[in-house]
Amino acid sequence: MIEVTGQINAVRRRVGERVLEAGTARTATVSQVYDTDVEDLWEAVTTPERISRWFLPVSGDLRLGGHYELEGNASGTIERCDPPKGFSATWEYGGQTSWIEVRLTPEADGRARFELEHIAHVDDDMWDRFGPGAVGIGWDQGLLGLALHLSSGEGVPEGMGPEWSLTDEGKEFTRQSGEAWREAHIASGTEESVARACADRTIAAYTGETE
């Protein structure tokens with residue numbers, strides 16, 4: 001069992017925009033402080049053996065200019081690498097290309113903050129229907145995996161693979177994550193009724209339950 005509410009509350013979420021050469025992109029940012037130092041956190045998020053313990057098996061050339069592939073998920077090219085401060089890469093999935101930026105910063109108490117910003121040109125109809133939770137819930141699941149790995153040094157517990165999201169605990173995590181992204185959506189300037197409708201549809205899509 002995990003402490004769902006504690007994990008949800010440990011994460012900061014922000015929704016925004018960024019102007020790129022191809023036009024304005026949507027951004028969803030997550031961050032969490034972990035009980036480790038920046039050097040260990042860097043190793044946890046950049047070495048294949050450790051990435052596979054908390055996220056997905058990864059293959060490829062994990063260095064500047066290299067190409068990576070996450071098993072059954074995204075692939076891309078590493079565009080910036082500045083150890084142990086962070087890196088950026090393309091995020092190519094479903095025929096679409098977006099970008100991720102990872103930033104690691106030391107906290108005053110000796111711990112370290114992980115921050116990930118996902119930058120994407122999102123179709124207006126898709127955004128209006130599902131909002132930031134469409135990608136945000138997935139990143140919340142990733143931060144949960146990282147928390148479990150860093151607290152034990154091992155992989156995520158047995159039973160917390162993809163099927164976990166359809167358990168009662170997994171659905172509760174999805175619900176709370178979706179609601180947290182609703183609040184971040186509202187904080188970005190979106191009308192509450194619109195953000196609520198987006199969150200409800202996204203939660204239903206993730207849990208397989210009808211609205």
Side-chain angles (χ1 to χ4, degrees), residues 1-19 25-56 58 62-64 68 70 76 78-91 98-120 132-133 135-157 160 172-174 176-190 195:
M1 297 288 290
I2 65 166
E3 213 290 278
V4 170
T5 301
Q7 173 60 28
I8 293 296
N9 291 341
V11 177
R12 293 180 184 173
R13 299 166 188 84
R14 187 171 68 253
V15 177
E17 295 182 342
R18 185 185 292 196
V19 178
R26 313 275 189 181
T27 65
T29 305
V30 290
S31 74
Q32 183 171 352
V33 174
Y34 293 104
D35 291 324
T36 191
D37 58 31
V38 168
E39 287 73 18
D40 181 58
L41 185 56
W42 171 261
E43 184 179 274
V45 302
T46 60
T47 58
E49 190 273 333
R50 291 190 69 180
I51 293 170
S52 67
R53 293 191 213 172
W54 63 271
F55 196 48
L56 289 167
V58 61
L62 301 191
R63 61 180 177 177
L64 183 62
Y68 72 90
L70 292 161
I78 299 167
E79 298 187 325
R80 181 182 62 83
C81 186
D82 183 18
K85 296 179 180 179
F87 65 88
S88 59
T90 61
W91 185 266
S98 54
W99 301 266
I100 58 169
E101 293 186 1
V102 171
R103 297 179 281 270
L104 309 182
T105 53
E107 295 285 299
D109 59 5
R111 298 186 298 164
R113 178 176 295 278
F114 171 91
E115 182 175 79
L116 182 145
E117 183 175 8
H118 194 152
I119 306 147
V135 297
I137 291 174
W139 288 120
D140 266 330
Q141 293 171 345
L143 265 61
L144 168 61
L146 184 55
L148 293 170
H149 166 59
L150 290 171
S151 66
S152 68
E154 304 298 328
V156 297
M160 288 198 65
E172 177 62 16
F173 183 88
T174 295
Q176 291 196 31
S177 172
E179 291 175 352
W181 281 106
R182 178 194 67 205
E183 296 307 308
H185 201 184
I186 293 169
S188 74
T190 300

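Since we're looking at a predicted model, the values are computed, not measured.
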For a quick check under 3.5 Å, do E115 and T29 share a side-chain donor-acceptor pair by atom type?
no
Below 30° counts as parallel, above 60° as perpendicular, anything between as tilted: where do the rings of W139 and F55 land?
parallel
Output yes when a side-chain donor or acceptor of S188 lies under 3.5 Å from a complementary backbone atom of G16, and no otherwise.
no
Should we count CZ of R63 as having more than 12 external heavy atoms under 6.0 Å?
no
Mind checking the CD-CG spacing from E39 to L104? Nearest 0.5 Å is all I need.
9.5 Å
dist L56:CG -> I51:CD1 (nearest 0.5 Å) comes out at 10.0 Å
What's the spacing between L64 CG and F87 CZ if we round to 0.5 Å?
12.5 Å
Just by distance, do the side chain of W99 and the backbone of T90 share a donor-acceptor pair under 3.5 Å?
no
Would Q7 and Q32 count as having a side-chain donor-acceptor pair, cut-off 3.5 Å?
yes
Closer than 3.5 angstrom, by distance alone: can the side chain of E107 be matched with the main-chain N or O of G110 as a donor-acceptor pair?
no
Over all heavy atoms of both residues, which pair between L146 and A44 is shortest? Give the atoms and the distance, please.
CD1-CB, 4.3 Å
Which residues share a side-chain contact (heavy atoms from CB on, under 4.5 Å) with D35, sequence neighbours left out
R111
Less than 4.5 Å apart, side chain to side chain, heavy atoms only: is that true for D140 and Q176?
no
Smallest heavy-atom separation, S31 atom then R113 atom, equals OG-NH1, 2.9 Å
Got a second to check how far E101's CD is from E79's CD, nearest 0.5 Å?
9.5 Å
Is any side-chain heavy atom of W54 closer than 4.5 Å to one of L148?
no
Flag the pair L150 / D40 as yes when at least one side-chain heavy-atom distance between them is below 4.5 Å, and no otherwise.
yes
Among R13, R18, R26, R14, which residue satisfies the salt bridge (charged side-chain N to carboxylate O under 4.0 Å, His left out) criterion with E117?
R18
How far apart are the closest heavy atoms of P106 and V38, and which atoms are they?
N-CG2, 3.5 Å
Would you name the heavy atoms of L41 and Y34 that are closest together and state the gap between them?
CD1-CD1, 4.2 Å
Between D82 (side chain) and K85 (backbone), is there a donor-acceptor pair under 3.5 Å?
no
Do the side chains of W181 and I186 get nearer than 4.5 Å, heavy atoms only?
no
Pair listing, side-chain hydrogen bond (donor to acceptor under 3.5 Å, both in side chains) test, anchored in residues 146-157, at least two apart
R50-H149
Rounded to the nearest 0.5 Å, what separates atom CD in E179 from atom CD1 in I8?
9.5 Å
Could you go step by step and tell me if T27 and E17 meet the side-chain hydrogen bond (donor to acceptor under 3.5 Å, both in side chains) rule?
CA-CA 5 Å; T27 65; E17 295 182 342; over 6 Å; no
State, to 0.1 Å, how close V58 and L70 come at their nearest heavy-atom pair, and which atoms those are.
CB-CD2, 3.8 Å
Could you tell me the separation between the CD atom of E172 and the OG atom of S177, rounded to the nearest 0.5 Å?
11.0 Å
For the pair T46 (side chain) and W42 (backbone), establish whether a donor and an acceptor sit closer than 3.5 Å, ignoring hydrogens and angles.
yes
One pair to check against side chain to side chain contact (heavy atoms under 4.5 Å, CB included): I137 and F173. What are the steps and the verdict?
CA-CA 9 Å; I137 291 174; F173 183 88; 5.6 Å; no
Search all heavy atoms of S98 against all heavy atoms of A120 and return the closest pair with its distance.
CB-CB, 3.6 Å
